[in-house]
Participant: 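Have a look at the structure that comes next, please.
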Amino acid sequence: MTQKVIIYQVFTRLFGNRNTTRKEWGTVAENGTGKFTDFDTKKLKAIKKMGISHVWYTGVIRHATQTDYSQYGIPTQHPAVVKGKAGSPYAICDYYDVDPDLAVDVEKRMKEFEALVSRTHKAGLKVIIDFVPNHVARQYNSICKPEGVTDLGAEDDDSQGFSPRNNFYYCPGCHFEPTFDKAGYDEYPARATGNDHFDNRPGINDWYETVKLNYGIDYWTHYGHFDPVPDTWKKMTEILLFWASKGIDGFRCDMAEMVPAAFWAYATSRVRQAYPDVIFMGEVYNPAEYRNYIHSGFDWMYDKVGMYDTVRAVICGNAPARIITNAWQSVDDIKSHMVYFLENHDEQRVASDYFAGSAVKGLPGMVASVLMQPSPFMLYAGEEYGEKGMDKEGFSGCDGRTTIFDYWSIDTLCRADASGLTDEEKYVYEIHEKTMQIARKEKAVDGEFYDLMYVNPSSGHFSDEKQFAFLRKKDDDLLFVVVNFSDDPAAIKVRIPGHAMEYLHIQEKKCKAKDLLTGEKLDITLSPEGLVPMTIGQRGARVWKISL
């Protein structure tokens with residue numbers, strides 16, 4: 001049996017922090033920070049028990065921050081080009097170092113990270129970290145690079161806006177002059193900004209804290225200079241190999257589609273020559289490019305503009321449940337590569353006022369997303385309790401997201417440790433845990449999938465606006481899954497067509513079914529074109545297991 005992949009994204013700086021001061025724009029001394037050591041054996045075993053297979057430790061590699069670690073020989077960063085007191089984990093300032101915030105002993109920070117990798121593996125979990133290939137912090141300066149490694153930009157000819165031999169893009173003769181107050185920060189010549197902003201005047205909404213890396217594409221002519229192999233390709237591949245040597249099981253590749261697919265084919269093949277089992281997960285938002293990047297070596301892709309956007313619309317009542325069918329069908333040929341999720345650090349929390357306003361409202365979408373396809377599922381720490389993300393932390397502001405820029409702590413994670421969860425939060429956790437355990441333990445989740453929506457249009461006994469139903473089967477195990485996106489409970493009847501019985505090799509018979517979420521039992525008659533009656537709660541789900 002191939003077990004379901006369930007990825008648990010943790011923002012490492014926040015996850016273990018139990019300081020509840022939560023002062024807006026607070027420093028690390030005021031608001032505290034989580035550490036690698038917060039992931040002790042007990043905590044990792046609890047994560048494993050929840051049904052998780054992979055932990056994505058977000059924000060491991062050292063990034064720009066306003067916190068002064070100069071006493072440890074770590075260069076300070078100018079605050080004008082750092083977002084928030086803590087800084088963005090996607091503004092890397094040393095690819096060969098780890099974030100000192102995360103270490104108990106800053107001078108032993110890499111050894112503490114290596115110990116975390118070892119503990120995670122011993123708990124039966126795999127390790128994913130970020131690889132940020134498109135851009136670096138404006139003041140990138142590696143102090144931990146291995147002997148013989150030349151720093152990014154060190155040998156660039158900055159008199160040329162573009163050269164295939166350069167690591168950066170330049171604005172020759174121009175100082176860095178953003179459209180906001182740069183508070184004394186100077187950069188000459190200015191370099192292009194990470195979000196493909198190629199002049200010297202990025203705005204406040206640009207990725208102004210970052211510098212775009214040059215992979216050999218001349219953005220003025222849109223021509224790729226890939227022969228000879230660009231120096232940036234070689235440097236970035238060496239960085240991947242460095243981290244793979246630490247025992248990393250996979251990389252979540254930030255904004256992968258902003259880097260040419262040709263580079264990924266080059267890099268992934270070389271990494272896998274040395275580390276054959278390393279996984280690459282790409283943040284790619286253009287569906288037209290999915291197959292191109294998979295062909296270039298990616299194992300998994302974000303299914304954001306398809307499944308995520310669709311399920312979010314259904315949860316919020318802005319679209320009918322039946323359109324979930326369209327979402328999976330559009331990528332059916334690459335379904336095992338598509339990562340489903342309802343939250344991550346970029347997206348708003350389900351329970352936030354900007355999304356559903358309640359974690360319970362998101363539960364049917366979660367159950368369907370986890371159980372529907374062989375696709376990996378990704379859970380963001382705090383989502384399992386219904387974290388609201390409505391704090392005003394500092395740079396992040398109150399936007400329905402959990403900050404990645406500020407020193408903070410996550411309310412539900414703090415209260416979960418202190419046995420202070422509400423009844424609703426406990427229920428949200430229970431449904432998450434049971435669903436993920438079903439996905440990991442039930443062999444039918446590794447089997448065939450059959451969407452029942454085409455034979456269940458809206459009628460007096462079923463609403464294709466509010467309900468979604470499907471089957472999963474392997475060998476003699478059948479799962480019959482129905483979710484209800486309505487705020488009202490429903491008494492429904494679901495048709496199972498003769499084609500489903502033929503396709504899944506199901507014989508006509510009377511069966512005993514057990515709901516794996518509630519333990520309830522139901523007598524079901526499986527017959528061609530037969531209707532199966534059941535009740536389903538408001539924003540509820542049924543996962544009926546039938547042994548054939």
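Note that the structure is a prediction, hence the values are computed from the model and not measured.
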Participant: Do any N or O atoms from the side chain of Thr535 and from the backbone of Ala491 form a donor-acceptor pair under 3.5 angstrom?
Facilitator: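 Flag not set: sc Thr535 to bb Ala491 has no pair under 3.5 Å.
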Participant: Would Lys4 and Glu442 pass as an ion pair if we require N to O under 4.0 Å?
Facilitator: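 Glu442 and Lys4: not salt-bridged.
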Participant: Considering only heavy atoms from C-beta outward, does the side chain of Trp207 approach that of Ser88 to under 4.5 Å?
Facilitator: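 With C-beta onward as the side chain, the pair stays apart.
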Participant: Pairs of donor and acceptor atoms involving the side chains of residues 360-378, under 3.5 Å and at least two apart or interchain, shall be tabulated with distances.
Facilitator:
residue	atom	partner	partner atom	Å
Ser369	OG	Gly365	O	2.7
Ser375	OG	Lys335	O	2.9
Ser375	OG	Met338	O	3.3

Participant: Determine whether the aromatic ring centres of residues His345 and Tyr90 are separated by less than 6.0 angstrom.
Facilitator: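 Yes, they do, as the ring centres are separated by less than 6.0 Å.
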Participant: Is there a donor-acceptor contact under 3.5 Å from the side chain of Arg495 to the main chain of Glu529?
Facilitator: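 Yes: the side chain of Arg495 pairs with the backbone of Glu529.
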Participant: Under 6.0 Å from the NZ atom of Lys434, do we count more than 12 heavy atoms belonging to anything else shown?
Facilitator: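 More than 12 heavy atoms, drawn from other residues, nucleotides or ligands, come within 6.0 Å of this atom.
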Participant: Over 60° means perpendicular and under 30° means parallel, so tell me whether Phe131 and Trp264 are parallel, tilted or perpendicular.
Facilitator: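 Plane angle over 60°, so perpendicular.
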Participant: Before we go on, tell me: are the rings of His197 and Tyr208 under 6.0 Å apart, centre to centre?
Facilitator: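 No, they do not, as the ring centres are separated by 6.0 Å or more.
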Participant: What residues form a side-chain hydrogen bond (donor to acceptor under 3.5 Å, both in side chains) with His461, not counting sequence neighbours?
Facilitator: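 His461 satisfies side-chain hydrogen bond (donor to acceptor under 3.5 Å, both in side chains) with Ser459 once adjacent residues are dropped.
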Participant: Counting neighbours of OH on Tyr223 that are heavy atoms of other residues, nucleotides or ligands and sit closer than 6.0 Å, is the number greater than 12?
Facilitator: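 Atom OH in Tyr223 is not crowded, with 12 or fewer foreign heavy atoms closer than 6.0 Å.
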Participant: Which pairs would a plain distance check flag for residues 476-484, meaning a side-chain donor or acceptor within less than 3.5 Å of a matching protein atom at least two apart in sequence or in another chain?
Facilitator:
residue	atom	partner	partner atom	Å
Asn484	OD1	Gln467	NE2	3.1
Asn484	OD1	Ser486	N	3.2
Asn484	ND2	Asp488	O	3.0
Asn484	ND2	Gly537	O	3.0

Participant: Would you say that more than 12 heavy atoms from the other residues, nucleotides or ligands in this model lie under 6.0 Å from the NE2 of His121, or not?
Facilitator: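 Buried by this count: over 12 neighbours within 6.0 Å.
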Participant: Is there a donor-acceptor contact under 3.5 Å from the side chain of Lys126 to the main chain of Asp249?
Facilitator: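 A pair under 3.5 Å: no.
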Participant: Taking C-beta and beyond as the side chain, do Ile7 and Met281 meet within less than 4.5 Å on heavy atoms?
Facilitator: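 With C-beta onward as the side chain, the pair touches.
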Participant: With the threshold set at 4.0 Å, does a side-chain nitrogen-carboxylate oxygen contact exist between Arg401 and Glu347?
Facilitator: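 No, no charged N to carboxylate O under 4.0 Å.
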Participant: Is a side-chain donor or acceptor of Lys473 paired with a backbone partner of Tyr450 at a separation under 3.5 angstrom?
Facilitator: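 Not a single qualifying donor-acceptor pair exists.
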Participant: Give the C-alpha distance, both sets of side-chain angles, the deciding distance and a yes or no for side chain to side chain contact (heavy atoms under 4.5 Å, CB included) between Val259 and Trp233.
Facilitator: CA-CA 10 Å; Val259 173; Trp233 289 26; over 6 Å; no
Participant: For residues Phe39 and Tyr57, establish whether the separation of their ring centroids is below 6.0 Å.
Facilitator: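 Yes - the distance between ring centres of Phe39 and Tyr57 falls below the 6.0 Å cut-off.
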Participant: Output, in order, the C-alpha distance, side-chain angles, deciding distance and verdict of salt bridge (Lys or Arg N to Asp or Glu O under 4.0 Å) for Glu465 and Arg322.
Facilitator: CA-CA 6 Å; Glu465 296 269 331; Arg322 62 179 175 270; 3.2 Å; yes
Participant: How would you list all residue pairs meeting salt bridge (Lys or Arg N to Asp or Glu O under 4.0 Å) that involve residues 291-303, not counting sequence neighbours?
Facilitator: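 Sorted pair list: Arg272-Asp299, Arg291-Asp333.
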Participant: Among Val127, Ile128, Thr12, find the one that has a side chain to side chain contact (heavy atoms under 4.5 Å, CB included) with Trp56.
Facilitator: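 Only one of Val127, Ile128, Thr12 forms a side chain to side chain contact (heavy atoms under 4.5 Å, CB included) with Trp56, namely Ile128.
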Participant: With sequence neighbours left out, write down each residue that passes side chain to side chain contact (heavy atoms under 4.5 Å, CB included) with Thr402, or none if nothing qualifies.
Facilitator: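 Listed in chain order: Leu14, Arg349, Tyr380, Glu387, Ile410.
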Participant: Test side chain to side chain contact (heavy atoms under 4.5 Å, CB included) on Val278 and Ile248 and set out the steps.
Facilitator: CA-CA 7 Å; Val278 168; Ile248 300 306; over 6 Å; no
Participant: For residues 305-320, tabulate all N or O donor-acceptor pairs below 3.5 Å that involve a side-chain atom, not counting sequence neighbours.
Facilitator:
residue	atom	partner	partner atom	Å
Tyr308	OH	Arg312	NH1	3.1
Asp309	OD1	Lys304	NZ	3.0
Thr310	OG1	Gly306	O	2.7
Arg312	NH1	Gln348	OE1	3.4
Arg312	NH2	Gln348	OE1	2.9
Arg312	NH2	Tyr354	O	2.8

Participant: Test Thr193 against Asp206 for side chain to side chain donor-acceptor pair (under 3.5 Å), laying out the working first.
Facilitator: CA-CA 8 Å; Thr193 295; Asp206 287 307; over 6 Å; no
Participant: For Asp523, is there an ion pair with Lys510 - N to carboxylate O distance below 4.0 angstrom?
Facilitator: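 No, Lys510 and Asp523 are not salt-bridged.
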Participant: Using 30° and 60° as the class boundaries, would you call the ring planes of His222 and Tyr219 parallel, tilted or perpendicular?
Facilitator: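 Answer is perpendicular, since the angle exceeds 60°.
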Participant: For Pro133 and Leu213, which heavy atoms make the closest approach, and how far apart are they?
Facilitator: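 Closest approach of Pro133 to Leu213, heavy atoms only: O-CD1, 3.2 Å.
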Participant: Where the side chain of Lys466 meets the backbone of Phe485, is there a donor-acceptor pair that is under 3.5 Å apart?
Facilitator: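 Checking the backbone N and O of Phe485 against the side chain of Lys466, no donor-acceptor pair under 3.5 Å is found.
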Participant: Is the distance between the ring centroids of Phe449 and Phe470 under 6.0 Å?
Facilitator: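 Ring-ring flag for Phe449/Phe470: true, centres closer than 6.0 Å.
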Participant: Do the side chain of Ser53 and the main chain of Ile6 share a donor and acceptor less than 3.5 angstrom apart?
Facilitator: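 The answer is yes, because a donor-acceptor pair under 3.5 Å joins these two groups.
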